[in-house]
Amino acid sequence: MGKAQGLFISLEGIDGSGKSTQARRLAEALRADGRDPVLTREPGGAPGAEDIRRLLVEGDPDRWSPETEILLFTAARRDHLERTIRPALARGQDVITDRFADSTRVYQGATRGDLRGLVDQIHDDAIGVEPDLTLILDMDPDVALARGLARQSGEDRFEDFGLPFQQKLRAGFQALAEEYADRCVLIDANADPDSVATRIVDIVRARLS
Ligand code: TYD
C-alpha cells in the first residue's frame with residue numbers, strides 16, 4: 001500500500017490579514033506534532049512560479065488587465081502544483097499554502113467586473129484541484145490595509161488599488177466561504193494573533209485526527 005496523501009490546506013484573506021504569520025505558526029504547530037508540513041505560497045512556491053510572481057506583484061496597478069492576470073496567476077499555479085504541491089502530497093507531507101485558487105476567484109473574479117466564469121473555466125482546465133481545507137482570515141480592511149502598506153515590501157501592487165478594493169475583497173471572501181462551506185472555514189482575524197493561531201491549529205488537528 002502507498003503512503004497516505006498529506007492534507008492540502010490553504011490560507012486566504014485580504015492583504016495584510018496575517019495569513020503569512022498564521023501559515024508559519026500552523027507549520028510550526030504541525031512540526032511539534034511530529035508531522036513534516038511543506039509551507040509554501042502563491043503566487044510562487046516553485047522557482048518558475050516565483051519568476052512569474054515578480055511580474056504580478058510589482059509595478060503599476062494598471063500594468064495588467066484582470067484577464068491577463070488570470071492567465072499569469074494560473075500559469076504560476078500550474079507550476080506550483082506540478083513542482084511543489086503534488087509531489088509533497090504524494091510523499092505524505094501536508095501542504096500549507098499562503099493563497100491558492102480562491103484568491104483568483106476573488107481578486108480577479110469579483111473585484112473589477114464579473115470575471116468569475118472565466119476564472120472557473122481556466123481553473124477547471126488547467127488546475128482542477130481544490131484544497132482539502134481552506135481557512136479564510138476575515139479582517140476589517142482598515143486595519144489590514146494599514147498593516148499591509150506599513151510593510152513597504154515593493155510588492156504592493158494590489159494594496160495600491162486602495163480601501164474600496166479591499167472592501168470588495170472582504171465581501172468576496174465571505175461569499176466564497178458560504179459557496180464552498182464544505183471545505184472553507186471563516187476565521188475572525190480581528191482577534192489577537194495568538195487566539196487566531198490557536199483556533200486554526202484546533203481546526204486542523206480536528207481534521208487530521
Ligand atoms: P501575497 O504574497 O499573499 O501578499 P500579501 O502577503 O500582501 O497578502 O499575494 C500577493 C498579491 O497577489 C496579493 O495582493 C494578492 C494577489 N493575488 C491575486 O490577485 N490573485 C491570486 O490568484 C493570488 C494567488 C494572489
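Since the structure is predicted, the reported quantities are computational estimates derived from the model, not experimental observations. Order of appearance sets the numbers: ligands from 1, and atoms from 1 within every ligand. Worth knowing before you read on, the calculation uses all heavy atoms, side chains too, and leaves out hydrogens, waters and symmetry mates.
Contact annotation: for Q108 versus ligand 1, heavy atoms closer than 4.0 Å belong to the side chain alone. Contacts of K19 with ligand 1, taken as heavy-atom pairs under 4.0 Å, involve the side chain alone.
Sorted by first and then second residue, the side-chain hydrogen bond (donor to acceptor under 3.5 Å, both in side chains) pairs with a member in residues 192-201 read R25-D194, D192-S195; sequence neighbours excluded. Note on residues 80-89: pairs passing side-chain hydrogen bond (donor to acceptor under 3.5 Å, both in side chains), not counting sequence neighbours, are T40-H80, E42-H80, R78-E82, D79-R83.
Using a 4.0 Å cut-off to heavy atoms of R53, the atoms of ligand 1 that qualify are 2 (O). Of all atoms in ligand 1, listed by their number and element, those nearer than 4.0 Å to a heavy atom of V57 are 10 (C), 11 (C). Annotation for ligand 1: atoms under 4.0 Å from non-hydrogen atoms of R77 are 22 (O), 24 (C).
Between the R63 side chain and the L55 main chain, a donor and an acceptor come within less than 3.5 Å of each other.
In terms of N/O distances under 3.5 Å, ligand 1 is approached by T104.
Salt bridge status for D132 with R183: absent, with no side-chain N to carboxylate O gap under 4.0 Å.
Distance check: I200 CD1 to I96 CD1 gives 10.0 Å after rounding to the nearest 0.5 Å.
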